[in-house]
There are 2 protein chains.
Amino acid sequence: MLITLDLFSEVPIYQQIRDRVVEAVADGVLREGSQLPSTRQLGVDLGINFHTVNKAYDLLRTEGVILVNRKSGAIVRRDASSGPPEPEYADEWQSRLRTLLAEAVVQGLPPSEVTARSNALLGSFTSAS
Amino acid sequence: MLITLDLFSEVPIYQQIRDRVVEAVADGVLREGSQLPSTRQLGVDLGINFHTVNKAYDLLRTEGVILVNRKSGAIVRRDASSGPPEPEYADEWQSRLRTLLAEAVVQGLPPSEVTARSNALLGSFTSAS
DNA sequence: CCAGCTGTTATAGCAATACTATAACAGCTA
DNA sequence: TAGCTGTTATAGTATTGCTATAACAGCTGG
């Protein structure tokens, strides 16, 4: 798990951390039970305040991706194999996908290429498990 | 073109307007040359300040989706048929797709269903043209 | 037991963002 | 001329993102 930040991005730092962790779990680099660095440690590593890391972890906990104890620290809770999501989640997620796909199509990306890229990404997930 | 806002959403209003317009173009509801309402008119219709609409239009113009003249107002410039995007755009877009797909997989949405939903959405675009 | 780590909470400050509001100017059009 | 349009400026408010400092509680290794 190596996280690289883009401090010039418009995407908030805590969101970038959250995104990288989610991707790492999808990739299988992080699995159920995997230990994440402490907020203070990761803050030092990334050169940012530990409160910002805390916010990212808080977001991940809210999403059910990780579990945070005073005892065990932050560990991965959710996996691709953890069971199906709430139906309401799928709907909300799909509306975000719809916006993203619409953008690509409007920008002229051929639907066939959209499908190809999507399949390539999906294939790269959890194939390392 | 009917735009509905969610004033309680965490997504900024101007972003919601931008998203709905992009989706409308992808759907074929708005085509190349289609006229968009004036910023003041849409502001009244949506019950918001016209500067917020202006910001959304500005974003759409920056993205190359619409064209804004003092003379003709805002009209759709870009279509699914307007030609291929910059290669750099495709890469940046793919990284956003990657994050979104990773999230779905982590939340337990089966990859097969992800593909199905993606194909359904793509199929709904521009099929009305 | 003590030192050092951890998570958690509180408080504060600063810069930037989102939205609203009012105003004014310029150009097109009926 | 009147009324629409886009454009620009300025300003105020609330919220967000990030940083900073501090303090407390619980776990753990010496």
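Residue numbers begin at 1 in each chain, while the letters A, B, ... track the order of the sequences.
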For the pair made of [atom1] in [X] and [atom2] in [N], what is the distance, rounded to whole Å?
X      : N       : atom1 : atom2 : value
I48(B) : dT22(C) : CD1   : C1'   : 17 Å
N54(A) : dT9(C)  : CG    : C1'   : 10 Å
L42(A) : dC18(D) : CG    : P     : 14 Å
L59(B) : dC19(C) : CG    : P     : 12 Å
R18(B) : dT17(C) : CZ    : C1'   : 18 Å
D6(B)  : dC19(C) : CG    : P     : 12 Å
F8(B)  : dC19(C) : CZ    : C1'   : 15 Å
Y57(A) : dT9(C)  : OH    : C1'   : 19 Å

Is there a side-chain contact between V44(B) and F50(B) (heavy atoms, below 4.5 Å)?
no
Do V65(A) and R77(A) make a side-chain contact, defined as non-hydrogen atoms from C-beta onward lying under 4.5 Å apart?
no
Quick check on the hydrophobic clustering: are V53(A) and I3(A) connected, directly or via other members, by side-chain heavy-atom contacts under 4.5 Å?
yes
According to a strict under-4.0 Å criterion, is Y14(A) in side-chain N/O contact with OP1 or OP2 of dC18(D)?
no
Think S38(A) has a side-chain N or O under 4.0 angstrom from the OP1 or OP2 of dT6(C)?
yes
Of I13(A) and Q41(B), the one whose closest DNA chain D nucleotide lies more 5':
Q41(B)
Can you work out whether T39(B) or R40(A) has the more 5'-proximal nearest nucleotide on DNA chain D?
T39(B)
Just by distance, with hydrogens left out, do S9(B) and D6(B) show a side-chain donor and acceptor under 3.5 Å apart?
no
How about Y89(A) and E103(B): does a side-chain donor come under 3.5 Å of a side-chain acceptor?
yes
On DNA chain C, does the nearest nucleotide to K55(B) precede the nearest nucleotide to H51(B) from the 5' side, or the other way round? Give the residue.
K55(B)
Short N-O contact, K55(B) and D58(B), less than 4.0 angstrom
no
salt_bridge(E23(B), R98(A)) N-O dist < 4.0 Å:
yes
Working to the nearest 0.5 angstrom, can you tell me the gap between L30(B) CG and Q35(B) CD?
10.5 Å
When rounded to the nearest 0.5 angstrom, what is the spacing between CD1 in I66(A) and OG in S34(A)?
12.0 Å
Shortest non-hydrogen contact from Y14(B) to T52(B)?
CB-O, 3.6 Å
Touch class at under 4.0 angstrom, heavy-atom based, for F50(B) against every strand present
base
Selection: residues 66-74 of chain B, any non-hydrogen atom under 4.0 Å of DNA chain D:
V68(B), N69(B), R70(B)
Nearest to the R61(B) side chain among dA22(D), dT7(D), dC19(C), which nucleotide is it?
dT7(D)
Axis deviation across the helix from dC1(C)-dG30(D) to dA30(C)-dT1(D), five-pair ends, to the nearest 10°:
20°
